[in-house]
Enquirer: 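This is the structure, below, for whatever I ask next.
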Amino acid sequence: MNLLASKDDLIRWLDSLLQERIVIAPVRVQEQTMFQPISKVEEIAFDFDNTTLSPKGWFLPPTEALFTVQRDDGQVNLVPALVERDAVVFGLHPCDARGIALMDSSFLQEPSDALYRERRSRTALIGLACRQALPECFCTSMGSAPDDPSHMDILLTEVKDGYIVQVVTEKGKALVPKGLAKYKGKVPTPPKLQAIPTMEVTSAMRGLFNDPYWERLADRCLHCNVCAYVCPTCYCFDVRDYSDKGKVERVRSWESCQSPGFSLTAGGYAPRTTKGERLRQRFSHKFLYFPERFRDVACVGCGRCVKACPVNIDIREVISDLQQLTEVKSGS
Amino acid sequence: MDMELIQQIRDKARNLLEEGTVEGVIGYERASDGLTARPFFAYEPAAAERLIFDETCIHDLVKYLLDKKGKKMAIVVKPCDSRAINLLLNEEQIKRDKVFIIGVSCPGVVETSWNRRSETLQARCRTCQLSKPLVYDFLVGREVARQAEEETYSDITEAKAIANKEEFWLEQFGRCIRCYACRQVCPGCYCPVCFAERLEPLWVGIRIAPEENRVWQTMRTFHLAGRCIGCNECERVCPVDIPLSLLNRKLEKDVKELFAFQAGLDPEESPPFATFKKDEKLEFGA
Amino acid sequence: MARIGVFLCHCGSNIAGSVNIPEVVEAVKKLPQVVHVEDNKFTCSDPGQASIQQAITEQRLNRVVIGACSPRMHETTFRRTVAGAGLNPYLLEIANLREHCSWVHPDQVKEATAKAIDLVRKAVARVAWQESLTPRQVGITRRALVIGGGIAGIQSSLDVADAGYEVILVEREPSIGGHMAQLDKTFPTLDCSACILTPKMTTVGQHPNIRLMSYSEIVDISGFIGNFKVKIKKKARYIDVSKCTGCGECAKVCPVELNSEFDENLGKRKAAYIPFPQAIPNKYTIDKRGYPPCRVACPAGVNAQGYIALISQGKFREALEVLRRTMPFAGVCGRVCIHPCERDCERGKVDQPIAIRALKRFMADYELKVGKEKATPVERTKEEKVAIVGSGPAGLACAYDLVKQGYPVTVFEAAPEAGGLLRYGIPEYRLPKEVVANEISYIQDLGVDIKTNAPVKNLTEIFDQGYKAIFLATGAGISQKMGIPGEDTPGVLHALDFLRQVNFGTKVSLGSKVAVVGGGNAAVDAARIARRRGVNEITIVYRRSRAEMPAIPSEIEEMEQEGIKIQFLATPGEVLSEANRVTGIRCVRMELGAPDASGRRRPAPVKGSEFTVDVDNVIIAVGQGVDKATLPQDLAYTNLGTLSVDPLTLQTNIDGVFAGGDVVSGPADVITCIAGGKEAAISIDRYLRGVDMKEGRPEIVKRVKEVSKEGVKPEARHSMPTLELGRRKEFDEVELGFDEKTAIAEAQRCLNCAVCSDCRECEKVCEAKAIDHEMQDEIVEADVGAIVVATGAKALDHTQFGIYGGGIHSDVVSSLQLERMMSAAGPTGGEVVRPSNGAHPKEVVFISCVGSRDERTGDGYCSKVCCMYMAKQTIMLKEHAPETHSYIIYTDARGPGGKIFEDFLTRAEKAGTTYMRGQIDSVSQQDGRLSVSGQDFLTGAAFNIPADLVVLATGLMPSEDAANLFQILHISYDAKNYLLQAHPKLRPVETAMDGIFIAGCAVAPTDIPESVAQGGAAAQYVLKLFSQEAIEAEPMTSIVDISRCTGCLLCRQVCPFQAVESETLRDGRTVASINASVCKGCGICVVACRPGAIKLRGFSDQQILAEVMAL
Amino acid sequence: MKLEYQPKVIGFLCNWCSYAGADMAGTSRMCYPQNIRIIRVPCSGRVDPLFVLKCFQRGADGVLISGCHPGDCHYTEGNYHTRRRFALLRDFLDYLGIAKERLRVEWVSASEGQRFAEILSDFTTELANLGPRSKV
């Protein structure tokens, strides 16, 4: 059952949410749109194409302290980090919601990540269906759609008079304000996307593991961490202890398989020393290891990496290359 | 697009590959958006046909030479990029005889990002004095007399006048996600282990936080003092739009004024931190 | 896991008085890794130290922090304590609780205690990162280098050598001895300086352990104590010291005389010289300072200074020989050369340049006058025949050089007589045919075969005749046309045709009015010939102004004297004629615009300025070109129509065929053509020998740098006598040439810029064959273990003290000049005389502290020796001539050293010297006598002393270029360029650079016994080093982690000690490596190293950062 | 002298001149504010700009770098490098909002204890007047 919230309704609703919860919403920062906790509803950028970073940072922040250890009068005290408030992520697109769902596969399987679990359970997702498809978008090829409500608690769709409110979960239902009119109009057709063929990517990936393709592709790769940090499904992190005059803090921060120091072991051994091996790791994780473990490909087709890569390593091209190379291989 | 120029590049690249003079040619090809350019490595003579050159070829390819040490490579080099060549020659990171430089006389490049290109020249191109690369083995393109605008560093003057500079910069650095794209793209950044990722000593923690990021960005820039060749690739690749040129250009300006030095103009001249003058006047007053 | 023990010292109440020690103890106990804390009354006392050792053992401490006084005080003590307990001494850290805390914060117990806790916490954080370090053992090269052969250096060398070690003694001058050798007597004993010095010098010269390298300089030093590598430049002395017997014959014949440095410019020496008779080594040196400017300026490289020097000695024949070493045309060039040499002549900066061209002509004239001897033919040592086409100056110069190298040379000349332009182009009144013929016959006498009436049309034919190389020098013999209407009218002549016809003797009829168009020598020659053919009115029409006129200025001048007019800034547009007869030319006025390619301003016609000149004939002299028709085929040409050749080798497009002279350059002057011929000769010789024709070309010659013009009195150049105007006929030479007396006088004006004139007369007389004018500087490398720097000082130049009359009045002399005069071996044979008139002075005034103790005129320091040497000199003056009376005007009269120095001053006073304390206002000259006026400080009265001689007691300053040497050695020096001692009191002969010791006046002004003592002391340090088995090197040095090194080698650039070397690894990577023996541990490289590959042991990033993080 | 605000000052002193100069201030019993904590380095040329950045990151109000007078460096040239490095860094930090008054570079010889004490008094007062660094 769909409801309709006028623009004013929505603002009042968000305002009331803001009273009791942290609200994470798209905010315009110079020429970019970022998910940030807001203090006023006016800060929200309703009119945006896509955010530079996905909302994953709310659940897995770029940096967070896991716990601190301190020595007080001979006693050693460990204080774990806590999630203190409920939150709402507002304005995420269906692809981002799917990204969070994919992260769940890893973080919520037992033993689950306590901090992540805590944040996830205390956060509701109020999404926005996409108004238009961007040239880099390919979500429909990755199991999502511009109007896919699957992983949301509530999905809003912008229409002329306001927003269609589609309540998806019980958690969502509890958040919907009373008194919204029912929406009886037509649900607008979602924008059309060009589909890319995705058949056999996993098997192609497996077959081409030792192919020189990776070294060639990596030639132009700079091995920055941009693709991983903008990606809604990349969740690697590094953990380190900081000691400051006796107070020790365990911190985790984002890390990416593209950096040379990633998974460097204490003895100095680095499992992936060449550029090709590192780049292959990225795609192997997305198309091979993750689906082997959790069924789905770890890509939601948001196109952020396509747009952000400084040297245009286009994941869609990689998929197509893999398929072509496999055909060539099997053909020969 | 200057097809004649592109043909010259392709012909040269093909020749070099056919003759076996080089193992590969580093140049540009059309990006997946069909609109802009991206770096391209040609290893077979036939691949030379993919090479292009136009005003969207903004990347400084010289950085890639560091990946190909020991291999003889040809590389397409714009006048600005040639300063990176000189820098790396000065710092003994590349050997001149291992590089075949296809120099391009470039009328300037425009701002681009994926699927988007502007029509106006990049700011650095407007003040560029070089009509052709400072060093090359083969020159393509027409050498045009440049009518460079005067470099006034008005952006630096403005940034100096910001009321609360610490607040301004901590806000900028606060956005940094430490993806290190700025470092990875920089031809002057080639330490095996960057100070930011060293464990002993731990100069910069893995905490992605404004104060931590400030140490990172300040020292990154300072390591490039007198070495930054002004390609501005760092600012271009920054996914969160930190105005890195305001940092690099501030030091560029100071180095020029204090030490009369500009990086990459002469492979023989050493950067300012390699030397000193006994009688130079450097004030430490307020 | 570190187990840190912290020991806090009360230092009596020094620390405990301001710092609450119990509070510190409690705070420190809580620090991580601290397992033991205790406090002591005096930690440095025996019980305090024992307590530390006990705790180390009992508590199994592996790190120690001591909170006490400054580490600069007791770090060494406590390191020994810690080591005594079996712990590495570098695992210790000291917190400075006294100098940096309790003493500077008295009565602030709270703050001082908090600070003390911080300081200890900082030390605890740091000590955890401390590492065990062990000093390294390094070997020693037991050979010493002594720099400077003065008395200090001599003493050091002898002491080290006598102890049985090798010594290399390097002296910059040709002889050792230094300033002491210049002195007559020494104070206060009045010993004869030479008598006590000479035996030591001789011992040095003969000592089996001393390798004396005189006339040598240090160019580079690397390495470190015990292991230095030095590069020594042995300057070319042009005399092989192993052959030289010191007989002095070379000096006798040397024509070049200059002021003797040893005699302080009071005496003279030759370019081939020995500084003083007792010099060690007793070997001569030729003072050669490069090429003289005249030789550099000459396109053909003629050594003008060489022949001028010999002319000045009346050795005219020998002078001509010098010229003929380069080329055979003394008579020709002596007349027609454009003499670029004179333009660059340094004498021109004093008054006027030497008349070089006239002197050159004089040599040829003299030979003709006294009768020429037939030249001996050169022996043919080479097989390959060379053909030369054209017998102009280029062809003949080439033939001359080749025949002298032993090649068979044939010259082919199309005309009936040889000489080319010399014979057919230049009028007789400038260059008599007889002169040309004489010089050509000399070339023929040497063996060159000249075939006249022998045009060459086909090169293959020549090669077929067995010639292996061909030189084309056929000139540029066609007159260029102007391209104006009427140019073909009869009566219009072209200058070259006109001159050729006249020189051939063909009759040319001219009207009464002639216009000559052009501004070059051909135009001037044509005009003057026309005048001699009786033409009344001759006008030269030239399109630019006088300044741009290319003809020789003196020729223009003589022409104008002969009544020929010049119409500047005009050019003919048409030749007017009537009935096929020239009636005039229509000209247009020009104005000068911007400079053109030749650098001259381009003329442009002024509209409406046409005018007409009535003439009967027009002679066109606007340029000459190459006649392609007369040249063989297949040759390549330039756009200008001249032959195209390689600019370096002059080879044409055909292998083995070379070309030069006008046929390549277009019309040029004679000496440029000769130069072309000579260059071709070099190429042909190399071509025939099959060696690289391009190597080392163009030759870069070292022009002499500075030419001293000191004391050169202006003296006008001798002018060339000319034929009276009225007597100038067609064939009579206008210039008449110098006579012998004039030639000698003119030659004596030469400044001998390069000193040695390269005349090579010395070669002729040296029986030992020791002379080698081609000698080059040589770099000698040596390994040494220790270095003594004793580069000495020099006396200030008294001529810069104009306020005391120095450099103004000749009777104001320096004390060293007086010393030389007093010396029996000196320039005056021991007579003290007034330089102005040679008379014995009666009244002598000494002015003290000239340049010393006076910031206004020199340096602020006391030169120490002046008071004593003035006293000595006044005593000696009295002994030389009892009637002499001396005054000493002093600031303070110092007799440093107690014992007998003060007595010596008294002795001077008793001997009659008048001491006056005061200040000089002026030294003036009146009626040939000097007058010294000033103020007596003791009486306050003004004084005015008449004097015959004023002696300036000039102070000392470090020798020239000393700072350069100190920089090479990396030793510190002060603002006055004196060396800095490692410690001014306790380490007076050591430097901050281990293994480098210093002695004598290079450190500060010293007298002879002090210099000797310091020389001996420096030797003692050398011997102390050599007596050790090995050197223990400080372990706090930098090391490179090669896995992080990028090989940028910035560290090498910033290292002040050259401790960084580059090293290539097996994988081909270049990385830095630091020689721990050289590294001093400053850490400059650590900061320069961006990748963090360098660690300074003892001051690592970890250690310092730990301190920062603890605060 | 009582200061409104007690600034935290970290000093990097070269072993040969300035550290000895600070010792000299101590042996001469000259009083100066207690705010400074001195870190000994062999040469001012050993001071890495990173140390300074870390000091400011750790909350220092001021940093003093002191070496031998130019020309007197124990290692002959170290302080010339110091001068170049910190002339640039000082202005750069100012540009980034860390006022240039907070970073001092001084030359103090082993005999200049008095001067050292004066510099510290002056620097501490100046920093106290500037007040705490802005926290964002």
Side-chain angles (χ1 to χ4, degrees), chain A residues 29-32 34 52-53 57 61-65 134-136 215-230 237-240 242-243 249 251-256 258-262 264 266 274-275 303-317 320, chain B residues 24 26 28-43 58-59 61 63-64 67-68 112-116 171-172 174-186 192-194 196-199 202 205-209 212-213 233-234 236-243:
Chain A
V29 181
Q30 288 166 5
E31 286 175 21
Q32 308 197 333
M34 302 280 213
T52 302
L53 303 178
T63 289
E64 64 184 334
L134 302 170
E136 65 266 27
E215 282 301 333
R216 287 289 181 92
L217 182 65
D219 263 342
R220 73 170 182 272
C221 179
L222 298 167
H223 293 281
C224 61
N225 300 344
V226 167
C227 49
Y229 289 1
V230 300
F237 54 78
D238 193 5
V239 173
R240 200 157 300 159
Y242 283 85
S243 164
E249 195 175 43
V251 170
R252 82 166 156 202
S253 290
W254 286 357
E255 171 64 306
S256 142
Q258 296 309 294
S259 72
F262 185 79
L264 180 72
T274 68
K275 289 176 71 173
R304 283 193 181 87
C305 59
V306 176
K307 201 162 183 291
C309 177
V311 291
N312 189 221
I313 292 177
D314 189 325
I315 192 166
R316 299 168 304 180
E317 262 186 301
S320 141
Chain B
I26 311 173
Y28 302 92
E29 69 172 341
R30 194 51 76 217
S32 66
D33 54 8
L35 182 71
T36 62
R38 71 184 181 195
F40 174 61
F41 290 63
Y43 295 102
I58 52 179
H59 319 71
L61 305 177
K63 174 89 185 196
Y64 292 120
D67 292 334
K68 301 290 176 189
T112 77
S113 60
W114 190 79
N115 203 37
R116 194 183 64 83
E171 205 174 290
Q172 300 298 324
R175 281 209 304 284
C176 176
I177 50 172
R178 298 266 283 284
C179 68
Y180 298 126
C182 47
R183 176 187 78 196
Q184 294 303 102
V185 79
C186 176
V193 184
C194 175
E197 291 178 304
R198 245 166 259 157
L199 303 181
L202 193 67
I206 61 166
R207 262 196 210 99
I208 302 176
E212 229 40 89
N213 297 349
E233 282 282 90
C234 48
R236 174 179 76 83
V237 303
C238 179
V240 293
D241 288 353
I242 299 173

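What you see below is based on every heavy atom in this structure, not just the backbone, and it leaves out hydrogens, waters and symmetry mates. The sequence lines fix the lettering, A, B, ..., with proteins before strands; numbering per chain opens at 1.
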Enquirer: Between A/K275 and B/D67, is there a side-chain N and carboxylate O pair less than 4.0 Å apart?
Expert: yes

Enquirer: Which answer fits B/V240, side chain, backbone, both or neither, if we ask what part of it has an atom under 4.5 Å from a heavy atom of chain A?
Expert: both

Enquirer: Examine whether an atom of B/L199 lies under 4.5 Å from a heavy atom of chain A, and if so say whether it belongs to the side chain, the backbone or both; otherwise answer neither.
Expert: side chain

Enquirer: What part of B/S32 gets closer than 4.5 Å to chain A, counting heavy atoms only: side chain, backbone, both or neither?
Expert: both

Enquirer: Once you round to the nearest 0.5 Å, how far does SG of A/C305 lie from CH2 of B/W114?
Expert: 10.0 Å

Enquirer: Could you check whether atom NZ of A/K307 has more than 12 heavy atoms from other residues, nucleotides or ligands sitting under 6.0 Å from it?
Expert: no

Enquirer: Hey, could you give me the SG/CD distance between A/C227 and A/Q258, rounded to the nearest 0.5 Å?
Expert: 5.0 Å

Enquirer: Using a 4.5 angstrom heavy-atom cutoff, name the option from A/L53, A/L222, A/D219 with the most pairs to chain B.
Expert: A/D219

Enquirer: Decide, yes or no, whether a salt bridge links A/R240 with A/E255 under the criterion of side-chain N to carboxylate O below 4.0 Å.
Expert: no

Enquirer: Please look at A/V306 and chain B and tell me whether the side chain, the backbone, both or neither of the residue comes under 4.5 angstrom of a heavy atom of that chain.
Expert: both

Enquirer: When you measure from the centre of the six-membered ring of A/Y242, is the NZ or CZ of B/R207 under 6.0 Å away and within 45° of the axis?
Expert: yes

Enquirer: Heavy atoms only: give me the nearest B/Y64-A/R220 pair and the separation to one decimal.
Expert: OH-O, 2.6 Å

Enquirer: So which part of B/I58 gets closer than 4.5 Å to some heavy atom of chain A, the side chain, the backbone, both or neither?
Expert: neither

Enquirer: Based on non-hydrogen pairs under 4.5 Å, which of A/D314, A/V29, A/N225, A/N312 is most in contact with chain B?
Expert: A/N312

Enquirer: Between A/T52 and chain B, with a heavy-atom cut-off of 4.5 Å, which part of the residue counts as in contact: side chain, backbone, both or neither?
Expert: side chain

Enquirer: Sort A/I313 into side chain, backbone, both or neither according to what part of it lies under 4.5 angstrom from a heavy atom of chain B.
Expert: neither

Enquirer: Is A/R316 in contact with chain B via its backbone, its side chain, both, or neither, using a 4.5 Å heavy-atom distance?
Expert: side chain

Enquirer: If I measure from the heavy atoms of chain A, does B/R178 come under 4.5 Å with its side chain, its backbone, both, or neither?
Expert: backbone

Enquirer: At their closest point, which heavy atom of A/P62 faces which heavy atom of A/G57, and how far apart are they?
Expert: CD-O, 4.2 Å

Enquirer: Checking heavy atoms, do the side chain of B/N115, its backbone, both or neither come under 4.5 Å from chain A?
Expert: side chain

Enquirer: Go through the steps for A/S253 and A/T63 under the test side-chain hydrogen bond (donor to acceptor under 3.5 Å, both in side chains), then give the verdict.
Expert: CA-CA 4 Å; A/S253 290; A/T63 289; 2.9 Å; yes

Enquirer: Select one option (side chain, backbone, both, neither) describing which atoms of A/E136 are under 4.5 Å from chain B's heavy atoms.
Expert: both

